[in-house]
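For reference, the structure discussed in these notes is given below.
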Amino acid sequence: MAEQKTGPTAISVEDFIAAVENPKRREDARVLVRLLAEISGEPAMMWGPSIIGFGRYHYRYDSGHEGDAPLLGFSPRKANLVLYMTAYHDERADFLTRLGKHRSGQSCVYVNRLSDVDLDVVAEMARWTIKTTKERFPG
């Protein structure tokens with residue numbers, strides 16, 4: 001079985017954010033850290049070299065593949081902010097229609113800047129992600 005590529009690291013979240021080149025992206029990252037830490041009740045932690053995660057869960061798929069992942073996460077990439085939110089339920093479409101300007105992948109939402117989206121909807125998505133992830137992968 002392949003080794004998990006992204007796991008928790010000892011990299012400082014503050015140092016990582018301080019190194020983000022774009023000042024607006026840096027500020028957006030700080031806003032997301034505060035928001036997601038408050039919602040999750042978990043401190044921000046680096047997962048791999050570029051994902052800021054909150055909380056943790058263990059997954060095991062029917063294929064036998066298993067590992068650990070953050071309950072919530074985001075990455076302040078050069079091109080955009082990437083929000084890592086679950087895609088397990090059809091309800092996700094409702095959030096995305098209300099979110100604002102974005103693109104989405106299977107479990108990622110790409111945002112150019114936080115001012116393009118409704119932070120209340122981001123908060124709802126974060127709470128929903130935690131709830132549905134814990135339901136799908138209890139314990």
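Reckoned from all heavy atoms, side chains included, excluding hydrogens, waters and symmetry mates. All figures in this text were calculated on a predicted structure; none of them were measured in a lab.
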**Side chain proximity check, Leu114 to Leu81, heavy atoms < 4.5 angstrom** = yes

**Prompt:** Which heavy-atom pair separates Tyr59 from His65 by the least distance, and what is that distance?
**Reply:** OH-NE2, 3.3 Å

**Message:** Using the rule that Ile, Leu, Val, Met, Phe, Trp and Tyr join whenever any side-chain heavy atoms are under 4.5 Å apart, tell me whether Leu35 and Val20 fall into a single cluster.
**Reply:** no

**Complete:** So CG of Leu32 and CD1 of Ile39: to nearest 0.5 Å the spacing works out to 9.5 Å

**Asked** By salt bridge (Lys or Arg N to Asp or Glu O under 4.0 Å), which residues pair with Arg113, not counting sequence neighbours?
**Response** Asp116

**Complete:** By side-chain contact (heavy atoms from CB on, under 4.5 Å), Ala29 pairs with (sequence neighbours left out) Ile17, Phe74, Pro76

**Prompt:** Is it true that Ile130 and Val121 fall in one hydrophobic cluster, defined by side-chain heavy atoms closer than 4.5 Å?
**Reply:** yes

**Item:** Check: His58 side chain, Gly67 main-chain N or O, donor-acceptor pair, under 3.5 Å
**Value:** yes

**Item:** Check: Asn112 and His102 side chains under 4.5 Å, non-hydrogen atoms
**Value:** no

**Asked** Rounded to the nearest 0.5 Å, how far does CD1 of Ile52 lie from CD1 of Ile11?
**Response** 10.5 Å

**Request:** Any pair with a residue in residues 25-40 that passes side-chain hydrogen bond (donor to acceptor under 3.5 Å, both in side chains), sequence neighbours left out, goes on the list, sorted by first then second residue, please.
**Result:** Lys24-Asp28

**Request:** Quick one: do Glu66 and Tyr61 satisfy side-chain contact (heavy atoms from CB on, under 4.5 Å)? Show the steps, please.
**Result:** CA-CA 6 Å; Glu66 65 182 300; Tyr61 298 130; over 6 Å; no

**Item:** Atom pair CE/CG of Met85 and Leu71 - distance to nearest 0.5 Å
**Value:** 11.5 Å

**Prompt:** Can you name the one residue among Leu72, Leu83, Val109 that meets side-chain contact (heavy atoms from CB on, under 4.5 Å) with Met125?
**Reply:** Val109

**Prompt:** Which residues pass the side chain to side chain donor-acceptor pair (under 3.5 Å) test with Thr9, sequence neighbours left out?
**Reply:** none

**Partner set under ring-ring contact (aromatic ring centres under 6.0 Å, His included) for Phe16, not counting sequence neighbours** = none

**side chain to side chain donor-acceptor pair (under 3.5 Å) against Ser115, all qualifying residues, sequence neighbours excluded** = none

**Request:** Report the residues that fulfil side-chain contact (heavy atoms from CB on, under 4.5 Å) with Arg77, sequence neighbours left out, ordered by chain and then residue number.
**Result:** Ser50, Ile51, Ser75, Val82, Tyr84

**Asked** Given the rule that I, L, V, M, F, W and Y join up when any side-chain heavy atoms are under 4.5 Å apart, are Val33 and Leu119 in one cluster?
**Response** yes

**Item:** Any Arg92 side-chain heavy atom under 4.5 Å of Ser104 side chain
**Value:** yes

**Prompt:** Does one hydrophobic cluster hold both Leu99 and Trp128, with members joined at side-chain heavy-atom distances below 4.5 Å?
**Reply:** yes

**Message:** Applying side-chain contact (heavy atoms from CB on, under 4.5 Å), can you list everything that pairs with Lys131, at least two apart in sequence or on another chain?
**Reply:** Glu135

**Request:** Using a 4.5 Å cut-off on heavy atoms from C-beta on, say whether the side chain of Trp47 contacts that of Arg56.
**Result:** yes

**Asked** Got Tyr57 and Lys134 here, is their nearest side-chain heavy-atom distance under 4.5 Å?
**Response** no

**Message:** Nearest 0.5 angstrom please: Arg103 CZ to Tyr110 OH, how far?
**Reply:** 6.5 Å

**Heavy-atom closest pair, residues Arg60 and Phe137** = N-CE2, 3.8 Å

**Asked** With Asp94, which residues qualify under salt bridge (Lys or Arg N to Asp or Glu O under 4.0 Å), at least two apart?
**Response** Arg98

